Enquirer: 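Have a look at this one.
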Amino acid sequence: MRVTVRFFASHREATGLSTYIADVPDGSSAAEVLGSLCGSFPKLKSASVRVAFAINRNHVNPATPLRDGDELALLPPMAGG
Amino acid sequence: MRVTVRFFASHREATGLSTYIADVPDGSSAAEVLGSLCGSFPKLKSASVRVAFAINRNHVNPATPLRDGDELALLPPMAGG
Amino acid sequence: MTKRFSLSSQPLDEHAITAVVSRHDAGGVVTFVGRVRDNARGHDVVALEYEAYPEMAEHVFEQIADEATSRFPIKHVAIHHRSGRLVVGEPSVIVAVSAAHRGAAFEACEYVIDQVKARAPIWKKEFTPDGAVWVDDRP
Amino acid sequence: MTKRFSLSSQPLDEHAITAVVSRHDAGGVVTFVGRVRDNARGHDVVALEYEAYPEMAEHVFEQIADEATSRFPIKHVAIHHRSGRLVVGEPSVIVAVSAAHRGAAFEACEYVIDQVKARAPIWKKEFTPDGAVWVDDRP
């Protein structure tokens, strides 16, 4: 299946990308997609030690499975305010 | 001694006055001056069941003695905000 | 330059009052704005008239601000209160507190407005469809 | 008409945001304004750059406001946050909460800003005389 991955802040700088289309096995979890991305983008590994996930704009836990066409956002430590 | 008395809100309406010069015995307390004023202004008695006092713009307790020339304010229940 | 403490018959300028407490070293500003409500204690309110002992009111505002500044790690406090007749929706009081960290600003702002209501020599006449009455908020 | 929830690259208009939550039935409005400080964690700060996931940020603001409205007896909530580059002193976030009674407005406003900082998908790059770094505020 294909999911759209969004990178922000330190992740965006580590990958050089804001958006990336990932081909991953059906039913992959958010954490599993991150694992596969760290293979493609080695710098992402150290930049994503503390990461949160959102699927289709909602916070989710790392074990949540994705569906084809979902938008997965990797969220570095947030610092609004 | 002479003190200047200030009336506000319900007290002002009860006495018909904003300011009043009172002749009172030397060393009278705030509460004693109020007692004497209730003699001069009968409507003030019921209007001042719950009253606070200020001397020269500072909150004081009712037993505080006045000095000649002081400004005594009778404060009905406050309702700022 | 807007004053830090004021009792005034002029409309309150929220922006100017917030600006008084805002400094480059102050990360957060908490503001409380009290407005005339269209109802109170179950009846309609058409307008309010505030009467004050103005010379004492500004002095009490300053005392309250000094207390807040010694109790909480805050930077600056401003307190502005209206006098005269106000219609529904008009701001009657604005308290602004700045601090490096927001928790102290929230606590101090609430302390200040509580003390203003309890201790500032200000009185309020409520105009309802049935007449006018001096408000006694104390329990 | 100003929106209740917004992430915007335009300067924040405190007066307009407060007005969004002010209604005739709301007696008190508590506002928190966060500004860029000239220092953080012991070093000087020259400017900040906020990056966000805008579509999600406004959605999270609305969720936080809904939570606040169900937890506290308040009327309305507005949350506006800046994106882009900000200089020292500029407002980065404004939260406004209206309520009939002020205690709930204070509690809810503090709840909302705490949640925005914890959960809104917004990041902040700090520019200091020595370089730039993405801020990680979490303990």
Side-chain angles (χ1 to χ4, degrees), chain A residues 2-22 24 29-31 33-34 37-38 41-81, chain D residues 5-8 12 32-37 40-41 45 48-64 67 79-83 86 90-95 109-110 112-126 131-139:
Chain A
R2 289 188 155 193
V3 297
T4 302
V5 181
R6 305 270 306 249
F7 298 115
F8 300 97
S10 56
H11 296 168
R12 182 179 47 71
E13 293 180 350
T15 62
L17 294 173
S18 293
T19 303
Y20 179 74
I21 307 294
V24 293
S29 68
V33 175
L34 172 62
L37 292 166
C38 287
F41 304 100
K43 286 188 190 165
L44 188 58
K45 198 164 184 180
S46 60
S48 63
V49 173
R50 292 167 61 185
V51 66
F53 299 94
I55 297 176
N56 302 335
R57 304 171 191 178
N58 287 299
H59 286 287
V60 298
N61 78 53
T64 308
L66 286 131
R67 287 175 299 191
D68 188 53
D70 277 351
E71 178 171 286
L72 171 68
L74 303 190
L75 310 174
M78 289 164 271
Chain D
F5 310 109
S6 160
L7 187 110
S8 163
L12 302 180
F32 174 79
V33 180
R35 283 167 198 277
V36 177
R37 278 194 281 164
R41 294 172 297 284
V45 172
L48 289 181
E49 193 167 304
Y50 284 94
E51 176 171 339
Y53 182 7
E55 313 91 308
M56 181 173 165
E58 295 189 1
H59 177 56
V60 170
F61 292 166
E62 194 166 344
Q63 287 175 332
I64 293 170
E67 288 169 17
I79 306 171
H80 285 229
H81 202 295
R82 275 293 303 276
S83 61
L86 278 73
E90 267 194 281
S92 57
V93 60
I94 300 184
V95 173
C109 188
E110 192 164 13
V112 168
I113 182 65
D114 287 351
Q115 293 296 316
V116 165
K117 285 175 180 257
R119 292 160 51 187
I122 301 172
W123 300 275
K124 167 162 87 179
K125 194 172 205 169
E126 219 167 60
V133 61
W134 289 104
V135 175
D136 180 356
D137 270 342
R138 294 195 301 184

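As the structure is a prediction and not an experimental result, all values here were calculated from the model. Sequence lines set the chain letters: A, B, ... in the order given, protein chains first and strands last, and positions in each chain run from 1.
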Enquirer: Taking H59(A) for its side chain and R119(D) for its backbone only, find out whether a donor-acceptor pair lies under 3.5 Å.
Expert: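 A pair under 3.5 Å: yes.
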Enquirer: Given 3.5 Å as the limit, does a donor-acceptor pair link the side chain of Y50(D) with the main chain of G81(A), or not?
Expert: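 Yes; judged by distance alone, with no hydrogens or angles, the pair exists.
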Enquirer: If the test is side chain to side chain contact (heavy atoms under 4.5 Å, CB included), which one of P76(A), P77(A), S10(A) qualifies with W134(D)?
Expert: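 Single pass found, and it is S10(A).
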Enquirer: If you round to the nearest 0.5 Å, how far is NZ of K125(D) from CD of E13(A)?
Expert: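 These two atoms lie 3.5 Å from each other.
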Enquirer: Using non-hydrogen atoms and a 4.5 Å limit, figure out which bit of K117(D) sits close to chain A: side chain, backbone, both or neither.
Expert: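 Answer is both: backbone and side chain atoms of K117(D) are under 4.5 Å from chain A.
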Enquirer: Quick check: do M78(A) and Y53(D) have side-chain heavy atoms less than 4.5 Å from each other?
Expert: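 Answer no - side chains too far apart.
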Enquirer: Using a 3.5 Å distance criterion without hydrogens, assess whether the side chain of W123(D) forms a donor-acceptor pair with backbone atoms of F8(A).
Expert: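 No: the side chain of W123(D) does not pair with the backbone of F8(A).
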Enquirer: Taking all non-hydrogen atoms of both residues, which atom of N58(A) and which atom of M56(D) are closest, and how far apart?
Expert: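 So the minimum-distance heavy-atom pair works out to C-CE, 4.3 Å.
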Enquirer: Heavy-atom distance under 4.5 Å to chain A: side chain of A52(D), backbone, both or neither?
Expert: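 Looking at A52(D), just its backbone touches chain A.
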Enquirer: Pick one of side chain, backbone, both or neither for E55(D), based on which atoms fall under 4.5 Å of a heavy atom in chain A.
Expert: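 Contact with chain A: backbone and side chain both.
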Enquirer: Side chain, backbone, both or neither: which part of E49(D) has an atom under 4.5 Å from a heavy atom of chain A?
Expert: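 When you check distances to chain A, no heavy atom of E49(D) falls under 4.5 Å.
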Enquirer: Below 4.5 Å, heavy-atom pairs only: which of I122(D), V135(D), I113(D) has the largest tally toward chain A?
Expert: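 Winner by heavy-atom pair count: I122(D).
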